[in-house]
Amino acid sequence: MGEVKLITTSDGSHSLFNAELGETYHSVHGAIQESMHVFVKNGLEYFQEKTKQAEINVLEIGFGTGLNALLTIQKSLSYPTLIHYESLEAFPIEEEISSKLNYPKILNFTASEKYFLQLHQSGWGEQIDITNTFSLLKRHTKLQDVDLEAEKYDVIFFDAFAPSKQPELWELAVLRKVEQSMKSGAVFVTYCARGQLKRDLKSLGLLVETLPGPPGKKEMVRAVKS
Ligand SMILES: C[S@@+](CC[C@H](N)C(=O)[O-])C[C@H]1O[C@@H](n2cnc3c(N)ncnc32)[C@H](O)[C@@H]1O
């Protein structure tokens, strides 16, 4: 996937720029702001508040910098809920890069540095408990190649590169595989609000909402399985 370069986004948090794709890992208007808004607030929190479920299975597409995982740990510290966090990544970043990311410093909650290190240092394919209420399973694989268990997940963080850069990850057959892995009532969230994506998710039977996006972005999508 080529070289990545550390950049600073408008809220002061880092992101990465992939020169080969000409694409950043987050919104340049603010990486933390975007991840909080799209994935934590409109995905995880929305589901938790709606269901009050004691255990939540999260599937993330694209582990990348580990920002969504760290924000989820932060959230889980104020929840009684058990979170099983599974994340797929085809092209893991090097430790030289992950060790420079300023997320744990900016978020600055108890043991944020330690947890961020554990997120990156944990082995691929091994489920580990990072806290009493947060377990992690990172899988080193392409979404297109992986088998996903049917009706397993409650919340999907769909954080692949944009459809204009990686159209193969947004194809209907791939979205169908993800949809089949969702439980009834599960929530799919993404920063992308393309018409084609919304039509495809609707054609799979999901209830699609267009929500206001994070600062600097007009819209995002949430889709719920009935
Ligand atoms: C938009 S970035 C977001 C990453 C992450 N959620 C974060 O906050 O840093 C997309 C991620 O998807 C990964 N990726 C690219 N192709 C993939 C594939 N076929 N399957 C799974 N992940 C892929 C990239 O390497 C990158 O880490």
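Atom set for the values below is all heavy atoms of this structure, side chains included, hydrogens, waters and symmetry mates excluded. For clarity, every value in this text was computed on a predicted model and none was experimentally measured. Counting convention: from 1, in listed order, for ligands and their atoms alike.
Closer than 4.0 angstrom to ligand 1 lie heavy atoms from Y25, H26, E60, G62, F63, G64, T65, L67, N68, E89, A90, F91, T141, K142, L143, Q144, D159, A160, F161, Q166, L169.
With hydrogens and angles left out, the side-chain atoms of N68 and S35 include a donor and acceptor closer than 3.5 Å.
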For this session: Starting from the C-alpha separation in whole Å, work towards a yes-or-no answer on salt bridge (charged side-chain N to carboxylate O under 4.0 Å, His left out) for K152 and E86.
Result: CA-CA 11 Å; K152 174 171 185 189; E86 197 172 317; 3.1 Å; yes
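Taking the six-membered ring where the residue is Trp, W124 and H140 present tilted rings, their angle falling between 30° and 60°.
A salt bridge links R222 with E209: the distance from a Lys NZ or Arg NE/NH1/NH2 to an Asp or Glu carboxylate oxygen falls below 4.0 Å.
You'll find the ring centres of Y25 and F17 outside the 6.0 Å limit.
When each of W170, F39, Y191 is paired with F158, the ring-ring contact (aromatic ring centres under 6.0 Å, His included) condition holds for W170 and for no other.
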